[in-house]
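Below is one structure, written out as structure tokens, with a few remarks after it.
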Amino acid sequence: MTYRTHTCGELQAKDITKSVTLAGWVQTIRKFGSITFVDLRDRYGITQLLFNEALNTRLDATPLGREFVIQVEGKVIERSNKNLQLSTGEIEIEVSNFTILNASIVPPFTIVDDTDGGDDIRMKYRYLDLRRSAIQQNIQLRYAVNRATREYLHNNHFLDIETPFLIKSTPEGARDFVVPSRMNEQEFYALPQSPQTFKQLLMVSGFDRYYQIVKCFRDEDLRADRQPEFTQIDCEMSFVNQENVLQMFEGLVKHILKTVKNIDYAQPVERMTWEHAMEHYGNDKPDIRFDMKLKNITQTVQGKGFKVFDDAEYIVAIVVKNCTDYTRKQIDELTDWVKRPQIGMGGLAVVKYQADGILKSSFDKFFNEEQLKQIADTSHATANDLILILSGNKTKTQKAMSELRLEMASRLGLRKADEFKLLWVLDFPLLEYNEEEQIWHACHHPFTSPKPEHIEWMNDKNKFKDIKANAYDMVLNGNEIGGGSIRIFQRDLQEKMFATLGLTKEEAQEKFGFLLGAFEYGAPPHGGIAFGFDRLCAILSGSESIRDVIAFPKNNSGRDVMLNAPSAIDDKQYKELHLKK
RNA sequence: GGAUCGGUAGUUCAGUUGGUUAGAACGCUGCCCUGUCACGGCAGAGGUCGCGGGUUCGAGUCCCGUCCGGUCCGCCA
């Protein structure tokens, strides 16, 4: 038996008079006395069926309901009223025979693009949600990105090599998911946070160019763009310097943009140092689709008797073009916005550079016209511009202004979903200080190579914060989509790095002895990068959350609400795994 | 660990200062309809207002606790 001769998305005017068999899901039923229209859906599209009881009394569509799976035989005929919104809108099927392959109870939400279902119910019935064409397109885009990645990397002689999921728990970084070992009492595997050490060992083994589109696991709290299990495009290369890596992988992203979105990204990918990004954008992943850079105006505004400024460590401005018409109400609303706990600023100072050249500020009591002009000049504002100013502790103020910059751009429509701007952020610090734990952590990871000229600073704690690494992030529209580094490949430097991070020699040997050992047998210089595959797919599909590009995602609490996982295990399992209940 | 918003019909939501029998839309059921594609018309069914406690003559509404979900901070080498 042949279930179908065609899909629901392919029949056109040229097929008129053909006899066909279609199978799919009932999307909607529209009954008009003795004739009934049924929209039949599969992943390829929708085809309208015509059930005409005047032709045959068996063609009564009354038994059908939404989401029934049916098979129909019939003839392709021309529609009297065409529907130009459907690819199959010029034709319909005059049904001669139909079979209900499987009935459906009434679905809890309607299976249409603009569904009435909320997140919760859609996740519980994810298999129904996945029938919706909007989600199906995301999943198809994900596959397209996967294919484009494999194609590019294969053409550049990368090998896809699988690495194990049951590995060893390591210190630092994210929390590990842990798996108890039945055969090795009181011992545990960990699921990999990334295949980092394995790919480095593959370089030692001479595989030269490796990649994997691979699941990684981190037991940390979730966000809209963070899942406990997520997918990376994980890559590593031998005998490369930083420039080689940047070239190779901006090529990859350009290839993906071309293949998946048909975008010719001809211009070179912009580059800036981490320090430059922090100073001019207030964060390490600037959105460069628009300007509105942060301007440090601390020197310009202090000493004028305005306590808010005089007491601040750092005062920063952004210039919002053509917004002097902002009303008091809008300014008050922005002020409330920066006062929200997530931003946590005390207030917002404003200077309006009016079209007539007159400057007005929210702190006119302390500043005369000329002093306001100095602020305008320092921040490169001209007539018609609105200057927004935040002040306070440097780190917090930079971060808050970075958020305000994005918020203003969103309000002004400057963050267009169909515009893609790539950026390399370079020269990240090697180390960062964790106030809470009072220790230095690796900014990227402990295998990242410091810049050679900074290696000697690893002997001086006071210079730790100044050590830069050969580490780089790729940023797309203000999202970190990938990050990597040139790695340490000498045993002594790696040991020094572990020591810097506070590991004793014994701990380093216990946790990473295999890697230190490998470095003694002729490890080649190497480096690599890993891209957040889910995040990349979310951006390319215009999705707000990576959940929209993952077939079976977890919710905010790390739960799979469809499976109801995680769940309790039975007593027998506790016993076998040598766990106490 | 913390902040914040939400939980009312199958679904998405409204519900005023605490006050009669808790509403709308979509969906669902039945009937009518030969050209719809957001079909239309008529009729109807459908509710433990997340859960527990309290205040009150009276609680969907106020208070306390708790569970669930969204977003964010911390965290995410």
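From a predicted model like this one, the values you see are computed outputs, not experimental measurements. Numbered from 1 within each chain, the chains take letters A, B, ... in sequence-line order.
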Out of [options], which has the shortest distance to the side chain of [X]?
X	options	answer
A:Lys399	B:C75, B:G74, B:G69	B:G74
A:Asn555	B:G74, B:G35, B:G69	B:G69
A:Phe32	B:A38, B:G69, B:C39	B:C39
A:Arg79	B:G35, B:C73, B:G69	B:G35
A:Asp119	B:C73, B:G70, B:U36	B:G70

Distance, [atom1] atom - from [M] to [N], rounded to whole angstrom:
N	M	atom1	result
B:C33	B:U16	P	44 Å
B:G50	B:U12	P	14 Å
B:G30	B:U17	C1'	43 Å
B:C64	B:A25	C1'	36 Å
B:G60	B:G6	C1'	15 Å

* Asked: Without hydrogens or angle criteria, can the side chains of A:Arg547 and A:Asn555 be said to hold a donor-acceptor pair below 3.5 Å?
  ->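 Result is no, nothing qualifies.
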* A:Phe109 over B:U11, stacked by centroid distance under 5.5 Å, angle under 30° ->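 A:Phe109 vs B:U11: stacking no.
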* Report the base-pairing partner of B:G69 (Watson-Crick or G-U wobble, both distances below 3.5 angstrom), or none. =>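 Looking at the geometry, B:G69 pairs with B:C5.
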* At under 4.0 Å, does any side-chain N or O of A:Asn81 touch on OP1 or OP2 of B:U36? ->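 Affirmative; the distance criterion is met.
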* **Side-chain N,O (A:Arg340) to OP1/OP2 (B:A3) below 4.0 Å** =>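 So the side chain of A:Arg340 is outside the cut-off, no N or O lying under 4.0 Å from OP1 or OP2 of B:A3.
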